[in-house]
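Presented below is the structure to which this report refers.
All residue numbers refer to positions in the sequence shown, counting from 1. This structure is a prediction, so every number in the text was calculated from the model and none was measured.
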Amino acid sequence: MSALLVDNIGELVTNGVGEGPLGIRRSAAVLIEEGRVAWVGPAAYAPAADRRIDAGGAAVLPGFVDSHAHLVFAGDRAAEFAARMAGEPYTGGGIRTTVGATRAATDEELRSTVRRLRGEALRQGTTTIEIKSGYGLNVADEARSLRIAAEFTEDTTFLGAHVVPAEYADRPDDYVGLVCGPMLAAAAPHAKWIDVFCERGAFDVDHARAILACGQAVGLGVRLHANQLGPGPGVRLGVELGAASVDHCTHLSDADVDALASTRIDCMCHEGQHTSTVATLLPGAEFSTRSPYPDARRLLDAGVTVALATDCNPGSSYTSSMPFCIALAVREMRMTPAEAVWAATAGGARALRRDDVGVLTPGARADLLVLDAPSYLHLAYRPGVPLIHQVIRNGVPQ
């Protein structure tokens, strides 16, 4: 059995037992066997291994977990971005532009885009990623989007309810029937999750509830786009349905925050408890739309579990960089660097209801990053600088 030792780690973020909320260990080492973390401890007591990577005194973190991304698409919306920067508001209407381009693309064109963006994300430290459909919006194109997504991740999400496509503009009830019937039947074999954009201009709360209930009935887990463009019932609907995550959470009432906090449960993890419904914040979207940022501090102070994700998509957040989102969260959303790093690793894992990623503890998947920096603090301290020196995924250096 081949073993890989990563040692001479100056600062190791484990998200487990150790110093502070990140479970930091100093002068540490990690032993990897068969793609899993086999041992974590002081470098001076590291077991023997067949191979060794010398971290050179740098910081090592769990790989980032990006729990919200839209990578299956075709086309370009740079002109739309330029128009927003010139003052046009974001309404979500540009989604239909991408739908037309996606439907017209070949499988290989779509696959090539996913491969390119997945590679981009990996080079920036993202070792686990969720990928949604949502730019096909008919039976055939939603199913093929998910088939392609499943080639790159096990966390695939059916988002047939992204917006109502143009051909159903005057018949939203008929479109909901299509999503709940033939589209769900074609998509479900390739999906782990179901999602709805519950927002003005997309799907109201009754339609969203009906679609998500149909997904639950065939065994899909629930996720939800909620409260991005304004106040609304989406967050509370997500809590009602036991969603793993409600995403965006930009415009929240006290009742929304209370609802999220009410899902707090005890767990065996080192911090003792968390909320079963995670608030996933997507600061790249606010950056790219000049919208108000979510108030992460308000959620954290209420005891809500927070995740960070990129929302990588061609219209409102065309970034694949989790380090960029960490820097935004610290600068614009009142998170501490430790909170932001936890949200981008263990928080993302919670949003996907996974315990095998986002941590560096024995038994976890051996996904880790070696920074070109002495501390995780540099991810926010040095925004825009390429600090990911090396990525190891499933125990394999990339």
Side-chain angles (χ1 to χ4, degrees), residues 66 68-84 90-124 126 129-169 175 178-179 181-197 201-203 211 220 223 225 282 284-285 288-289 309-321:
D66 187 350
H68 185 128
H70 307 250
L71 305 189
V72 189
F73 66 86
D76 180 276
R77 285 160 60 187
E80 177 190 320
F81 172 79
R84 284 200 305 274
Y90 176 69
T91 65
I95 292 169
R96 293 187 179 91
T97 302
T98 301
V99 170
T102 302
R103 289 176 177 179
T106 66
D107 285 9
E108 188 49 43
E109 286 169 337
L110 295 179
R111 187 175 290 111
S112 177
T113 295
V114 180
R115 185 182 298 112
R116 172 176 60 84
L117 293 172
R118 182 67 191 94
E120 253 183 32
L122 183 63
R123 290 191 296 274
Q124 295 174 93
T126 297
I129 195 165
E130 179 257 20
I131 302 177
K132 304 178 189 294
S133 66
Y135 293 119
L137 306 190
N138 60 34
V139 173
D141 288 305
E142 283 296 298
R144 75 164 175 151
S145 293
L146 287 163
R147 283 197 302 270
I148 291 167
E151 297 173 15
F152 297 89
T153 184
E154 60 191 275
D155 283 293
T156 54
T157 299
F158 170 47
L159 183 58
H162 202 178
V163 295
V164 177
E167 62 268 29
Y168 282 89
Y175 184 68
L178 179 71
V179 172
M183 194 183 292
L184 176 60
H190 314 289
K192 183 176 180 180
W193 304 94
I194 187 167
D195 196 345
V196 174
F197 189 21
F203 295 87
I211 293 165
L220 301 183
R223 325 186 68 71
H225 286 60
L282 311 169
S288 298
T289 60
T310 64
D311 192 18
C312 183
N313 75 82
S316 60
S317 184
Y318 202 8
T319 180
S320 57
S321 175

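E120 places no side-chain N or O within 3.5 Å of a backbone atom of S320 that could act as its donor or acceptor partner. Proximity of a side-chain donor or acceptor of T126 to a complementary backbone N or O of L122 within less than 3.5 Å is not detected. Using a distance-only test at 3.5 Å, with no hydrogens or angles considered, no donor-acceptor pair links the side chain of D155 to the main chain of T153. Side chain of T156 to main chain of A149: no donor-acceptor pair is present (N/O by atom type, distance under 3.5 Å, no hydrogens or angles). Side chain of T289 to main chain of A285: a donor-acceptor pair is present (N/O by atom type, distance under 3.5 Å, no hydrogens or angles).
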Evaluation steps, side-chain contact (heavy atoms from CB on, under 4.5 Å), between L137 and Y168: CA-CA 10 Å; L137 306 190; Y168 282 89; over 6 Å; no
Residues I194, R223; criterion side-chain contact (heavy atoms from CB on, under 4.5 Å); working and verdict: CA-CA 6 Å; I194 187 167; R223 325 186 68 71; over 6 Å; no
Derivation and outcome, salt bridge (Lys or Arg N to Asp or Glu O under 4.0 Å), residues E109 and R115: CA-CA 10 Å; E109 286 169 337; R115 185 182 298 112; over 6 Å; no
side-chain contact (heavy atoms from CB on, under 4.5 Å) evaluation trace for L71 with I129: CA-CA 10 Å; L71 305 189; I129 195 165; 3.9 Å; yes
Chi angles and distances behind the side-chain contact (heavy atoms from CB on, under 4.5 Å) call for R96, Y135: CA-CA 8 Å; R96 293 187 179 91; Y135 293 119; over 6 Å; no
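If you take CD1 on I211 and CG on L220, they are separated by 13.0 Å, rounding to the nearest 0.5 Å. The CG atom of D76 sits 11.5 Å away from the CZ atom of F81 when rounded to the nearest 0.5 Å. Atoms CZ and OG, on R123 and S321 in that order, are 11.5 Å from each other to the nearest 0.5 Å. Taken from CD1 in I131 to CD in E154, the straight-line distance is 11.5 Å, to the nearest 0.5 Å. How far OG of S316 is from CD1 of I95: 7.0 Å, rounded to the nearest 0.5 Å.
The side-chain heavy atoms of W193 and L159, taken from C-beta on, include no pair separated by under 4.5 Å. Contact annotation: the side chain of L110 never approaches that of F73 to less than 4.5 Å [non-hydrogen atoms, C-beta and beyond]. Between F152 and R111, some side-chain heavy-atom pair lies under the 4.5 Å cut-off. Considering only heavy atoms from C-beta on, T319 stays 4.5 Å or farther from C312 through its side chain. Looking at heavy atoms from C-beta onward, T310 lies out of side-chain contact with L282 at the 4.5 angstrom threshold. Using a 4.5 Å heavy-atom threshold, the side chains of D195 and F158 count as separate. In this structure, V139 and L178 have side chains that are in contact, with non-hydrogen atoms separated by less than 4.5 Å. With a 4.5 Å cut-off on side-chain heavy atoms, R103 and P165 count as touching.
Annotation: side-chain hydrogen bond (donor to acceptor under 3.5 Å, both in side chains) contacts of D141 (sequence neighbours excluded): N138, R144.
Of all the heavy atoms in S133 and G160, the pair that sits closest is OG-N, 4.2 Å. Closest approach of A186 to A143, counting heavy atoms only: O-CB, 3.9 Å.
Judged by distance alone, the side chains of T98 and R77 do bring a donor and an acceptor atom under 3.5 Å apart.
Ring-plane geometry between H70 and H225 is classed as perpendicular, the angle between the planes exceeding 60 degrees on a 0 to 90 degree scale with a lower cut at 30.
Taking a cutoff of 4.0 Å between a charged side-chain nitrogen and a carboxylate oxygen, R84 and E80 qualify as a salt bridge. Ion pairing between E130 and K132 holds under the 4.0 Å rule for side-chain N and carboxylate O.
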